[in-house]
Amino acid sequence: MTEQSENEGLQKARQYDQRPFIQNLAQGAGLALSAKVGLQSQWDVLDFGCGTGLVLQRIADNVNTAVGIDSSRGMIHVLSEKKLKHVTACCLELSSTNTLQKHFVQHTVSASSTFDLIYSSMTLHHLADVAATVKLLTAYLKPGGTIVAFDLEQGPDSTLFHPQPVSPSVHHRGGFAPDYLCTIWKGAGLKDVSCEKVHRFTKDVDDNGKPKKVVFWMLMVRGTL
């Protein structure tokens, strides 16, 4: 990454929290984690694709420790600046060879760390292979731990969520069907799998050059090891 592109990424990350729409999505995920998952004070939590930590800052005080990971240096820089209590920020891109253990020691996190809860918010649609990533994440769950993900529900207008031209980082432009996500969670060896609508939101979009206000739903899929 060039210095110019890194500076541009940091500038974009600094502007991220200023968008009411983004704040609304983070609030929806944070409320669902508290109300439907039931956060516990002894839990160790991992936020996969944490961005600037908008969900983390809503839940960190209710858990024991929290780790946020994201592939964007700019996002992690902004999260680190917030100095959230109990939260460690790590910049990395998870893969079968690029493991969390390789990076945890650099961030004063135990290399053997596992988690009671792993969650992601609006990250799945950026993953080329959702199933492979969920399987990787299960390796970092404690026995009885839970993986939760929030993302866009597939629907008639869901492709309008991402405007044209669509970023190359978006691999699932139209969101997800609940059955599809449940199949992936079960395929990762998770039990008690469920998927439900948890947050309704609106977004001003462009529909073939015409402005349009569209209602979307955020899904929550969950499963336990």
Side-chain angles (χ1 to χ4, degrees), residues 25-71 75-76 79-80 82 84-94 99-101 103-104 107-127 130-152 176 178 181-182 184-199 218-225:
L25 293 179
Q27 181 180 31
L31 288 173
L33 285 172
S34 297
K36 294 183 174 292
V37 177
L39 302 170
Q40 298 185 29
S41 60
Q42 73 273 22
W43 276 5
D44 299 311
V45 174
L46 173 68
D47 183 334
F48 174 73
C50 62
T52 61
L54 288 175
V55 179
L56 276 172
Q57 67 192 49
R58 288 168 164 83
I59 70 163
D61 287 342
N62 298 318
V63 298
N64 180 40
T65 64
V67 175
I69 64 172
D70 200 282
S71 61
M75 295 289 189
I76 289 298
L79 171 55
S80 298
K82 293 179 180 180
L84 299 177
K85 188 178 179 182
H86 312 306
V87 174
T88 302
C90 305
C91 183
L92 70 109
E93 190 158 348
L94 181 65
T99 64
L100 295 183
Q101 284 94 339
H103 296 265
F104 277 169
H107 299 276
T108 66
V109 179
S110 171
S112 61
S113 288
T114 53
F115 302 92
D116 301 282
L117 171 67
I118 298 174
Y119 72 87
S120 72
S121 179
M122 303 303 287
T123 300
L124 295 186
H125 63 261
H126 291 292
L127 301 176
V130 177
T133 303
V134 174
K135 286 181 179 179
L136 279 174
L137 289 172
T138 60
Y140 302 100
L141 273 183
K142 295 179 182 180
T146 299
I147 295 184
V148 175
F150 302 94
D151 218 297
L152 180 68
F176 300 94
L181 292 177
C182 286
I184 287 177
W185 256 242
K186 291 174 182 176
L190 297 166
K191 302 176 294 184
D192 302 321
V193 174
S194 64
C195 187
E196 62 180 309
K197 298 178 182 181
V198 293
H199 184 60
M218 177 189 283
L219 295 172
M220 181 183 79
V221 58
R222 61 185 294 185
T224 303
L225 187 64

Is there a side-chain contact between D44 and K142 in this structure, where contact means two heavy atoms from C-beta onward sitting under 4.5 Å apart? yes

Could you check if a side-chain atom of H86 sits within less than 4.5 angstrom of a side-chain atom of L84, using non-hydrogen atoms only? no

Under a 4.5 Å cut-off applied to non-hydrogen side-chain atoms, are Q27 and L31 in contact? yes

Within a strict 4.5 Å, meaning less than it, do heavy atoms of the L25 and M218 side chains meet? yes

K186: which residues meet the side chain to side chain donor-acceptor pair (under 3.5 Å) condition with it, sequence neighbours left out? none

Between V221 and F176, is there a side-chain heavy-atom distance shorter than 4.5 Å? no

Go through the structure and list residues passing side chain to side chain donor-acceptor pair (under 3.5 Å) with H125, not counting sequence neighbours. D151, H162

Identified side-chain contact (heavy atoms from CB on, under 4.5 Å) partner of C50 from the options V87, I69, I76, V67: I76

Name the residue from T146, L190, L141 that meets the side-chain contact (heavy atoms from CB on, under 4.5 Å) definition with T224. T146

Which pair of non-hydrogen atoms, one from V148 and one from M220, has the smallest distance, and what is that distance? CG1-CG, 3.6 Å

Are any non-hydrogen side-chain atoms of L56 and Y119 less than 4.5 angstrom apart? yes

Test item: I59 and W43 side chains (from C-beta on) under 4.5 Å apart, heavy atoms: no

Who are the salt bridge (charged side-chain N to carboxylate O under 4.0 Å, His left out) partners of K135, not counting sequence neighbours? none

Compare all side-chain heavy atoms of L181 with those of L124 and state whether any distance is below 4.5 angstrom. yes

Assess whether side-chain contact (heavy atoms from CB on, under 4.5 Å) is satisfied between L54 and K82, documenting all intermediate values. CA-CA 10 Å; L54 288 175; K82 293 179 180 180; 3.8 Å; yes

